[in-house]
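First listed ligand is number 1; within each ligand, the first listed atom is number 1.
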Amino acid sequence: MKFFIDTAEIEEIKSLSELGLVDGVTTNPTLIYKSGKDFREVIKEISSIVKGPISAEVTSIKSQDMIDQGIELAKISNNIVVKVPLTADGLIACKKLSSSNIKVNVTLCFSASQALLAGKLGATYISPFIGRLDDIGTPGLNLIKDIVNIYNIHKQDIKTEVLAASIRSPLQVSQVASAGAHVATIPPNIIYQMIKHPLTDVGLATFMNDWKKTGQKF
Ligand code: E4P
């Protein structure tokens, strides 16, 4: 499973890239707002650091405007993926951009039937938001399982990858991996939480202490 990082913070992207854990990056208007940076500048900077796919979201709700923005975004770098919302206008833009060889990430997906539409229209990625579903008492993981199953059954026609989004815990990352998601987009703090385990810390402290007691030098 590929790891995308869900952030527009340059320093976080650089640190996690050094760890070798960044296959791509996803952004959205909220993350751009939090970064406090100019939209085009930040997308350009991210795409110069990470060679994998960088999702940049359109900011219009009308299909023609989305298409125009998508074409402009795709010119920033050859690894840009245009993010469009799962609306009728977004689907029109998805079809048009995808057929012009521009990669599209269809975002704000909350049902398997929505994902089926994006798959039929040639999306490169579908982004089901599992954390936001969990927030309203609907198990987000079930949505990932359903979409993976549908796309598998129809793999001759649907080439779209399932990009599990809105992830809030390390447990969700391992669960979407087990469910067969192709990609998880993960906030940086969750990656750091994934590394940590108290038994690793305790075990390492014991090993270091016992090594010291041997009196040997490496
Ligand atoms: C996906 O691409 C979105 O940027 C993101 O995962 C949304 O997560 P949130 O629900 O924590 O805002």
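- At least one donor-acceptor pair closer than 3.5 Å links the side chain of D89 to the backbone N or O of S63.
- Among the atoms of S127, none of the N or O lies under 3.5 angstrom from an N or O of ligand 1.
- In terms of N/O distances under 3.5 Å, ligand 1 is approached by R168.
- Counting only heavy atoms of the protein, atom 12 (O) of ligand 1 lies nearest to R132 NH2, 2.8 Å.
- Ionic pairing of R40 and E72 is present here: one or more N-O contacts between side-chain nitrogen and carboxylate oxygen are shorter than 4.0 angstrom.
- Ligand-side atoms of ligand 1 in range of F129: 1 (C), 3 (C), 7 (C), range being under 4.0 angstrom from any heavy atom.
- Taking all heavy atoms of I186, D135, D6, I190 into account, the minimum distance to atom 6 (O) of ligand 1 is reached by D6.
- Close contacts between ligand 1 and K83 involve ligand atoms 1 (C), 2 (O), 3 (C), 4 (O) [criterion: under 4.0 Å to a heavy atom].
- Here Y125 and F4 bring their ring centres to under 6.0 angstrom of each other.
- Counting protein heavy atoms only, atom 8 (O) of ligand 1 is closest to S166 CA, 3.4 Å.
- Heavy atoms from both the backbone and the side chain of A165 come within less than 4.0 Å of ligand 1.
- Note on ligand 1: T107 sits outside its first shell, no heavy atom being nearer than 4.0 Å.
- Listed here is the closest heavy atom pair of S111 and L143: C-CD1, 3.4 Å.
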Considering only distance and modelled atom types, tabulate donor-acceptor pairs under 3.5 Å from the side chains of residues 91-98, sequence neighbours left out.
from: S98; atom 1: OG; to: C94; atom 2: O; distance (Å): 2.7
from: S98; atom 1: OG; to: G122; atom 2: O; distance (Å): 3.2

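- The side chain to side chain donor-acceptor pair (under 3.5 Å) pairs that include a residue from residues 143-161 are K2-E161, where partners are two or more places apart or lie in different chains.
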